[in-house]
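To find a chain, count down the sequence lines: A is the first, B the second, and so on, and within it residues start at 1. Scope of the values below: all heavy atoms of this structure, side chains included, with no hydrogens, waters or symmetry mates.
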Amino acid sequence: MSEIAVDILNMTKRYGSFVALRDVCLSIKDNEFFTLLGPSGCGKTTLLRTIAGFEAISEGAIKLYGEDIADLPPNKRPVNTVFQQYALFPHMNVRANVIFGLQRLGQDETTARARVDEVLDMVQLMEFADRLPAQLSGGQQQRVALARALAPKPKVLLLDEPLSALDLKLRQSVRQELQQIQQTTGITFVFVTHDQEEALTMSDRIAVIADGQVQQVGSARDIYEAPQNRFVADFIGETNLIDVAVSSVSGGYATCVLPGGDVQFTCPAAAGAVVGHGHLSVRPERVSLVKPQDGLLRGVTTRQVYLGTDMSVDVRLEGGKIITLRLQNSEETHIPEIGDPVGLNFETGTARLLED
Amino acid sequence: MAAQIAKKSTSNTSTYAGLGVFLMLPSWAVIGFFLVLPVGMMLIYSFLTKEFRGGVIWEFSLNAYDQFFFDRGLFGDAPPVIEWTYINIFWRSIWQAGVATFFSLLIGFPTAWFIATRTGPNKSVWLFLITIPYWVNLLIRTISMKFLIRDTGPLNEWLLSLGVISEPIHIINTSFAVQLGLFYSYLPFMVLPIYASVERYNFAYSEVAADLYASRRATLTKIIIPIVKPGIIAGCILVFVPSLGAFLAPDLLGGAKNFMIGSLIEEQFKGNAGNWPFGAAVSMILLSMVLVVLTFYARQQAKEGAR
């Protein structure tokens, strides 16, 4: 069992009567790449800012390696932040920006300089050390912000959507670099993003946040394959939500009846799923096309979209519900014409009954 | 696309081709009429001979400058020694203007900070309030100040009634009164440029500084002040330079002992006792001092910009 780096206990943050974060509980492990993922306005940045100390919490506790830091000002917390807009000090060159934190910590000049060289080398900015921020490209500025936050060897590094200002190509290469830096330094990263691809590819674990509440915490695979509720299933990737009648739930499995039908089957169920009316999540790539009479569901093809490697096909069920499926774009795949009656099938193990 | 833009821009320049000189005329006229002409006249007058009832005789003379720097005795035939009277007036003026600038900065910076950090319409209300007194003529304001601070004025009465003091403080006709007058006259010139700088200040810098273990003090001295420095320097220049040449505050609040350059110059052009060449020479000396300071500042700025 690894050590807990950041422990957030029943934390609530209010602005007047507005509740920005409600009863948040999170345990971020030592040496972990942990991502806070959610749509804009969900409270993920506020959560990051409470860890950094820029926002005072209304209730609960924040512990850093066991020590309660909720009452410490930002300059007394051994965490550093990479800000979304970098906010490099415009009147200082790269070196001065990076050494700033070390000087405030009272490190002697020689040690500090050596550390600056070390981090500048890590982010490959050695040759730009004497430039002013205005003389750097966006990508370079982003690296300086990273170097500046890494230089004091924080116990936890907080990153507030650091890639959102970069263009797509650059973003992809910086992702790998960030991951690599996290692994070599062994610093716990808490990364905020609204980009699910970023979250899925980089993180050890992800907390999905919506409406100021943690919806689910888990690895990329957990969150994608075993979403807890409708929000998570819908927000991460694409999914089909099918109304089902649930006849029994036990031991993580549920027995459901599909709409318009007599077909009863058993599938995995989220922890909060209950008997009665429920929602089944089935990923588009898990649905396969079969002859109408062989399918769990039957419908008519209404749309097909060419996506390069894939084809996306929409099928309208008898009740009017649209199901989307992904088919691999290859010679063998039979793509139905619009208007064709088709049957839809899926492995019941890949469907999941959600908490409602 | 790029070629199109390039083509367009050439056609734009050709619209005005050959008209450059005419388009410059208005600005040349303004600069020539309001800057070069008066300063040139002053420069010429400072090298002319004085006419006893004011005015000048068109005859070249260095007397005005000589009078400023050297004392040649009552009849002008003694060996020259350095004349300290006017140099002392200069020193006093620099000191008075410096003190006024210092206190303007001390009060003006927090004021500007306060206004710049208000949100929404409050900002404009505060700015408006700062400028309201300046709709009243400077002379009237300086006289009002005199009434406020005189021995039997409201300030002393108030302090007496509160029991803070047992007898009136004598403020009027002291150098402090002059400093107060200058401070009051030019405070908005300190507040407004600093406000403009602070307005543009990105408060994320302060957060980053705090995140990087900077105390509030370190954030102020290492981050905020260097970033808003252009506003601070502009404010200091805008207060210091007019304070240096001010004559209303020293005349009305300072009395005879607190004579400043402005009053000295004013006296040379007033009535029959005046000495126009001497007044012009003192003005030129003041102007060259200010220019030296501004040039030094401009050089410094250029150096920092190139870094």
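Side-chain contact between Asn80(A) and Tyr213(B) is present, with heavy atoms from C-beta onward closer than 4.5 Å. Two residues are said to be in side-chain contact when any heavy atoms from C-beta on lie closer than 4.5 Å; Pro226(B) and Phe89(A) fail this criterion. In this structure, Arg148(A) and Val208(B) have side chains that are in contact, with non-hydrogen atoms separated by less than 4.5 Å. Between Arg104(A) and Lys222(B), some side-chain heavy-atom pair lies under the 4.5 Å cut-off. Taking the side chain as every heavy atom from C-beta outward, Asn75(A) and Arg216(B) never approach each other to under 4.5 Å.
Environment of CH2 in Trp126(B): sparse, with no more than 12 heavy atoms of neighbouring residues, nucleotides or ligands closer than 6.0 Å. Residue Asp71(A) qualifies as open at atom CG: its count of foreign heavy atoms under 6.0 Å is 12 or below. Residue Tyr201(B) places its OH atom among more than 12 non-hydrogen atoms of other residues, nucleotides or ligands, all under 6.0 Å distant. Few gaps surround OH on Tyr65(A); more than 12 heavy atoms of other groups in view lie less than 6.0 Å from it. Enclosure of atom CD in Gln180(A) is not indicated, since only 12 or fewer non-hydrogen atoms of other residues, nucleotides or ligands lie within 6.0 angstrom. Within a 6.0 Å sphere centred on OH of Tyr15(A), other residues, nucleotides and ligands contribute more than 12 heavy atoms. Residue-environment remark: NZ (Lys63(A)) stays at or below the threshold of 12 foreign heavy atoms within 6.0 Å.
For chain B, no part of Leu102(A) is nearby; none of its heavy atoms comes within less than 4.5 Å.
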Test log, rule side-chain contact (heavy atoms from CB on, under 4.5 Å), inputs Glu207(B) and Arg49(A):
CA-CA 10 Å; Glu207(B) 285 194 346; Arg49(A) 290 171 61 83; 2.6 Å; yes
Given the rule in the side-chain contact (heavy atoms from CB on, under 4.5 Å) test, do Phe100(A) and Ile223(B) qualify, once you have shown the distances and angles that lead to the verdict?
CA-CA 10 Å; Phe100(A) 185 83; Ile223(B) 305 298; 3.7 Å; yes
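Per-residue counts of heavy-atom pairs under 4.5 Å with chain A were compared for Ala218(B), Ala209(B), Ser215(B); the largest is that of Ala209(B). Per-residue heavy-atom pair counts under 4.5 Å with chain B were compared for Pro90(A), Pro154(A), Pro74(A), and the maximum is reached by Pro90(A).
Here the CG-CG distance, from Asn97(A) to Leu212(B), works out to 9.0 Å after rounding to the nearest 0.5 Å. Separating the OH atom in Tyr205(B) from the CE atom in Met92(A) is a distance of 11.5 Å, to the nearest 0.5 Å.
Not a single donor-acceptor pair under 3.5 Å links the side chain of Asp211(B) to the backbone N or O of Ala52(A).
Scanning all heavy atoms of the two residues, the minimum distance from Ala210(B) to Phe54(A) falls at CB-CE2, 4.5 Å.
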